[in-house]
Amino acid sequence: MGQRILVTGATGTVGREVVAHLLEAGTRVRALARGPADLPPAAEIVRGDLTVPGSVRAAAEGADGLFLLWPFASAEGLEQVLAEVAGHVGRVVYLSSAAVRDNERQAEQLIERSGMAWTFLRPHAFAANALRWAEQIRGGDAVREPYGRAAVSPVHERDIAAVAARALTRDGHAGAVHELTGPHSLTQSEQARVIGEVIGRPVRWEEAAPQEARRQMLDRGWPPEIVDDVLRAQAGATTGPARVTATVEQVTGVAARTFRSWVAEHAHAFRARP
Ligand SMILES: NC(=O)c1ccc[n+]([C@@H]2O[C@H](COP(=O)([O-])OP(=O)(O)OC[C@H]3O[C@@H](n4cnc5c(N)ncnc54)[C@H](OP(=O)(O)O)[C@@H]3O)[C@@H](O)[C@H]2O)c1
């Protein structure tokens, strides 16, 4: 029998693609989900919640590997979850981030001590972050935000998932830290322009004051420390091109997907609805 991998965050942007990649490679998938999950029928869905002690233990029974997404702002509770799975699961691939915030480093350290063979994925900004502009673009011809000159190297969620699937099912990734980016550095205003080119009408960048963006994020209920973190990161990214790594291609053997290809696949989200 082949391996069985437990996937957390399976209904999310990256986890959904991890499920797809593993199934495509003939690996058995067990997906942890809090509620009904629209996943391929070949995936076994197990009800569980990462915040409910004990609920991950049953899901981990009989699994060989774990794709771990920890969707919380703190590493609190992770140690218990790791203790529940470590008796069953031999390897874990954790979705960290290139920013390696304090909570993410704490999570990495707990995983390093868990006894499981680990691999950390540290992606830069997801291409999917552009979806936050979708409503503005559907309703007009501009993206109004601060720091149009801030550069990122947007990475396609499917490339993150492809690396995760390799690390979960093949040898040679234990103890590896994979820093993942897309193939190009693009400023935010260049990303808006690419979206316009793909959907077939110009999309302008309209520079907003950081204070305006700060107020809007706070109104949406974002915690002030996260808001300041985001704005600080964007301000810091205006000084030059973003870092680009070759890791996706090195691990998967296939070049990382471009932002333009991501937009083409998601063009419906940016086009006005009839
Ligand atoms: N966006 C970026 O640019 C970026 C860059 C680097 C790293 N990251 C990291 O990527 C991660 C987010 O990945 P994503 O965008 O794929 O996630 P996402 O689309 O926001 O999905 C979150 C997933 O977590 C699940 N979840 C939430 N609370 C849960 C709970 N209590 N128990 C079990 N599952 C729970 C959700 O399941 P339900 O269906 O039950 O809600 C969903 O499947 C974060 O850790 C972030 O720090 C993001």
Side-chain angles (χ1 to χ4, degrees), residues 6-21 29-39 43 45-60 66-78 80-82 84-85 92-108 110-111 120-133 150-165 177-182 186 188 191 217 222-223 225-226 229-230 233-234 237 242-243 245 247-248 256 259 262 266 269:
L6 173 62
V7 179
T8 59
T11 56
T13 306
V14 177
R16 182 175 294 285
E17 296 294 339
V18 173
V19 169
H21 270 272
V29 170
R30 184 178 286 163
L32 185 84
R34 292 188 292 177
D38 60 332
L39 292 170
I45 296 167
V46 174
R47 283 291 165 90
D49 188 316
L50 292 167
T51 62
V52 176
S55 75
V56 185
R57 186 187 306 274
L66 168 68
F67 174 75
L68 178 64
L69 184 140
W70 189 253
F72 313 112
S74 141
E76 209 186 313
L78 176 59
Q80 165 143 14
V81 167
L82 293 172
E84 287 179 24
V85 297
V92 53
V93 171
Y94 165 57
L95 181 63
S96 183
S97 94
V100 209
R101 294 176 189 88
D102 287 349
N103 60 310
E104 289 156 349
R105 186 60 200 132
Q106 280 161 17
E108 290 180 352
L110 290 171
I111 294 164
F120 300 150
L121 307 185
R122 290 184 181 168
H124 285 244
F126 295 179
N129 292 351
L131 288 172
R132 72 186 188 282
W133 301 330
V152 291
S153 43
V155 56
H156 196 304
E157 57 269 15
R158 214 176 302 137
D159 284 333
I160 303 171
V163 172
V177 176
H178 292 315
E179 184 186 351
L180 307 175
T181 72
L186 289 169
Q188 299 209 90
Q191 287 179 69
M217 287 190 264
W222 288 35
E225 59 278 13
I226 304 271
D229 208 32
V230 167
Q234 289 185 346
R243 191 172 146 74
T245 70
T247 317
V248 168
F259 180 69
W262 180 91
H266 296 82

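We use all heavy atoms of the structure for the numbers below, so side chains are in, but hydrogens, waters and symmetry mates are not. First listed ligand is number 1; within each ligand, the first listed atom is number 1.
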Check your understanding: Ala33 near ligand 1, heavy-atom distance under 4.0 Å?
Key -> no
Exercise for review: Check whether any side-chain N or O of Thr247 sits under 3.5 Å from a backbone N or O of Glu179 as a donor-acceptor pair, and report yes or no.
Suggested key: yes
**Study point:** Backbone N/O of Ser96 and side chain of Arg122: donor-acceptor pair under 3.5 Å
**Key:** no
Point to revise | Heavy-atom protein neighbour under 4.0 angstrom from atom 46 (C) of ligand 1 | key: no
Check your understanding: Considering only protein heavy atoms, which is closest to atom 16 (O) of ligand 1, and at what distance to one decimal place?
Key -> Val14 N, 2.8 Å
Practice item. Check whether any N or O atom of Gly12, backbone or side chain, sits under 3.5 Å from an N or O atom of ligand 1, and answer yes or no. Key: yes
Review point. With a cut-off of 4.0 Å, which atoms of ligand 1 are near a heavy atom of Thr51?
Key: 31 (N)
Check your understanding: Which protein non-hydrogen atom lies closest to atom 35 (C) of ligand 1, naming both residue and atom, and how far is it?
Key -> Arg34 NE, 3.8 Å
Review point. How far does OG1 of Thr8 sit from CZ of Arg30, to the nearest 0.5 angstrom?
Key: 13.5 Å
Review point. Which ligand 1 atoms does Ala125 reach within 4.0 Å, using its non-hydrogen atoms?
Key: 3 (O)
Study note, to complete from the structure: One finds that the ligand 1 atoms under 4.0 Å from a non-hydrogen atom of Phe72 are 30 (C), 31 (N)
Check your understanding: What do you think, any protein heavy atom under 4.0 angstrom from atom 20 (O) of ligand 1?
Key -> no
Review point. Do Pro123 and Leu95 come close enough that some side-chain heavy atom pair is under 4.5 Å?
Key: yes
Point to revise | N or O pair under 3.5 Å between Gly48 and ligand 1 | key: no
Check your understanding: Hey, what do you get for CG (Asp159) to CZ (Phe126), rounding to the nearest 0.5 Å?
Key -> 12.0 Å
Check your understanding: Ignoring hydrogens and geometry, is there a side-chain-to-backbone donor-acceptor pair from Arg16 to Gly9 under 3.5 Å?
Key -> no
Practice item. Please work out which of Gly77, Ser97, Ala31, Ala128 has its closest non-hydrogen atom nearest to atom 7 (C) of ligand 1. Key: Ser97
Exercise for review: State the CG-CG distance between Leu68 and Leu78, to the nearest 0.5 angstrom.
Suggested key: 6.0 Å
Point to revise | Distance filter under 4.0 Å to Ser96 heavy atoms, resulting ligand 1 atoms | key: 7 (C)
**Study point:** Thr13 N/O to ligand 1 N/O under 3.5 Å
**Key:** yes
**Study point:** Euclidean distance, Arg101 CZ relative to Ile226 CD1, rounded to 0.5 Å
**Key:** 7.0 Å
**Study point:** Side chains of Leu6 and Val29 in contact at under 4.5 Å (non-hydrogen atoms)
**Key:** no
Review point. Can Trp133 and Gln191 be said to form a side chain to side chain donor-acceptor pair (under 3.5 Å), step by step?
Key: CA-CA 10 Å; Trp133 301 330; Gln191 287 179 69; over 6 Å; no
Review point. Distance-only, no hydrogens or angles: does the Glu84 side chain make a donor-acceptor pair with backbone N or O of Gly54 under 3.5 Å?
Key: yes
**Study point:** Gly9, any N or O under 3.5 Å of ligand 1 N or O
**Key:** yes
Exercise for review: Nearest 0.5 Å please: distance from the CG atom of Leu66 over to the OH atom of Tyr94.
Suggested key: 12.0 Å
Exercise for review: Please confirm whether the backbone N or O of Arg158 pairs with a side-chain atom of Glu17, one donor and one acceptor, at under 3.5 Å?
Suggested key: no
Check your understanding: Looking at ligand 1, does Gly35 have a heavy atom less than 4.0 Å from it?
Key -> no
Check your understanding: For ligand 1, is there an atom lying under 4.0 Å from some heavy atom of Arg122?
Key -> no
Check your understanding: Against heavy atoms of Glu104, which atoms of ligand 1 measure under 4.0 Å?
Key -> 47 (O)
Review point. Looking at ligand 1, does Ala99 have a heavy atom less than 4.0 Å from it?
Key: no
Point to revise | Residue, atom name and distance, where the atom is the protein heavy atom closest to atom 11 (C) of ligand 1 | key: Leu95 CD2, 3.8 Å
Revision key, fill the gap. protein heavy-atom neighbour closest to atom 31 (N) of ligand 1 works out as Asp49 OD1, 2.8 Å
**Study point:** Within reach of ligand 1, part of Trp70 (heavy-atom separation under 4.0 Å)
**Key:** backbone
Check your understanding: Is a donor on one side and an acceptor on the other found under 3.5 Å between the side chain of Thr181 and the backbone of Thr245?
Key -> yes
Revision key, fill the gap. The atoms of ligand 1 lying under 4.0 Å from a heavy atom of Asn129, numbered in the order shown, are 1 (N), 2 (C), 3 (O)
Exercise for review: Tell me which protein heavy atom sits closest to atom 4 (C) of ligand 1, plus the residue, atom name and distance to 0.1 Å.
Suggested key: Phe126 CE2, 3.3 Å
Review point. Which residue and non-hydrogen atom of the protein lie closest to atom 39 (O) of ligand 1, and at what distance in Å?
Key: Thr11 OG1, 2.4 Å
Study note, to complete from the structure: NE2 (His156) and CH2 (Trp262) are apart, to the nearest 0.5 Å, by 8.0 Å
Practice item. Could you tell me the residue and atom name of the protein heavy atom closest to atom 26 (N) of ligand 1, and the distance to it rounded to 0.1 Å? Key: Pro71 CG, 3.7 Å
Practice item. Tell me which protein heavy atom sits closest to atom 13 (O) of ligand 1, plus the residue, atom name and distance to 0.1 Å. Key: Leu69 CD1, 3.4 Å
